[in-house]
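Remarks on the structure that follows.
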Amino acid sequence: MSKLFKLFLALIAAAVAVVAIHGGYQTGRQTTTPVAYSDLIYKYAAKNDLDPCLVMAVIKTESNFIPDAHSGYAGGLMQLTEETALEMSEDMGITYYDYMDPETNVMLGCHYLRYLIDFYGGNTDTALAAYNGGMGNVYTWLNDPAYSDDGKTLKEIPFTETRNYVERVNTAWEQYKGLYG
């Protein structure tokens, strides 16, 4: 076997190894960053002018894509309360709904997320803080100089759970953008 042919085989083997390693890395990331219901996520993210990767990150953080997940009074993929689901359905003109149905939950959850982002002037972190901690708490924080300098942006989130929630969503959002964005 000539040296040139051996070099050629070595280059092919190296290329195959790189592709295999990259494929394994991508598969590993997809395992730790799951996506289910992507058709619903893309559909309702588009209808609400949302980044689908942000919606994936919210669902990952809220329910880990478990459609019948419950946490306190909230339920479903996007962990909506019955009160929030009712408000959003009324806003959308929907008279009958099952907020635990995955499609309905994503539809109402995306509508709510868009509402919050618009309400807080496009500030996604403040919207996420309200999604988790409630609009009443965010109102209080925005009006407290310890937490906001301008009444529009939170410089600090006093609830550890909400602060960690915003960080987890942002981390997952970056991961999903790396995979799908």
May I ask you to test the [X]-[Y] pair for a side-chain heavy-atom distance under 4.5 Å?
| X | Y | result |
| --- | --- | --- |
| Met107 | Ile94 | yes |
| Ile59 | Tyr37 | no |
| Asp125 | Leu154 | no |

Between [X] and [Y] (side chain of the first, backbone of the second, donor and acceptor by atom type, cut-off under 3.5 Å), is there such a pair?
| X | Y | result |
| --- | --- | --- |
| Glu156 | Arg163 | no |
| Ser71 | Ala74 | no |
| Asp91 | Glu87 | no |
| Asn132 | Leu128 | no |
| Lys47 | His111 | no |
| Asn105 | Leu77 | yes |
| Asn48 | Tyr44 | yes |
| Ser148 | Asp144 | no |
| Thr162 | Pro158 | no |

Among the clusters formed by ILVMFWY side chains lying less than 4.5 Å apart, do [X] and [Y] turn up in the same one?
| X | Y | result |
| --- | --- | --- |
| Tyr115 | Tyr139 | no |
| Tyr131 | Ile66 | no |
| Tyr165 | Tyr73 | no |

Which heavy atom of [X] sits nearest a heavy atom of [Y], and at what distance?
| X | Y | answer |
| --- | --- | --- |
| Met56 | Tyr42 | CE-OH, 3.4 Å |
| Gln79 | His70 | OE1-C, 3.7 Å |
| Thr84 | Leu80 | CG2-CD2, 4.3 Å |
| Ala129 | Val166 | N-CG2, 3.7 Å |
| Ala45 | Cys110 | N-SG, 4.0 Å |
| Pro145 | Asn143 | CD-O, 3.8 Å |

Original post:
Do other residues, nucleotides or ligands put more than 12 heavy atoms under 6.0 Å from Glu82 CD?
Top reply: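 Atom CD in Glu82 is not packed in, count stays at 12 or less.
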Subject >> Asp118 with Arg114: basic N within carboxylate O range, under 4.0 Å >> reply: yes
**OP:** Given side-chain contact (heavy atoms from CB on, under 4.5 Å), test Lys155 with Trp141 step by step and report yes or no.
**Re:** CA-CA 9 Å; Lys155 64 181 179 183; Trp141 302 335; over 6 Å; no
Could you give the distance from [atom1] ([X]) to [atom2] ([Y]), rounded to the nearest 0.5 Å?
| X | Y | atom1 | atom2 | answer |
| --- | --- | --- | --- | --- |
| Asp51 | Tyr176 | CG | OH | 12.5 Å |
| Leu142 | Tyr120 | CG | OH | 6.5 Å |
| Leu108 | Met78 | CG | CE | 9.5 Å |

**OP:** Given side-chain contact (heavy atoms from CB on, under 4.5 Å), test Val169 with Leu54 step by step and report yes or no.
**Re:** CA-CA 8 Å; Val169 170; Leu54 171 60; 4.0 Å; yes
Subject >> Tyr97 and Leu86: CA distance, side-chain angles, deciding distance, side-chain contact (heavy atoms from CB on, under 4.5 Å) verdict >> reply: CA-CA 9 Å; Tyr97 66 92; Leu86 177 61; 3.4 Å; yes
Original post:
Which one of Cys53, Pro52, Ser38 satisfies the side-chain contact (heavy atoms from CB on, under 4.5 Å) criterion with Tyr180?
Top reply: Cys53
Subject >> side chain to side chain donor-acceptor pair (under 3.5 Å) assessment of Thr171 paired with Arg168 >> reply: CA-CA 5 Å; Thr171 298; Arg168 285 193 326 271; over 6 Å; no
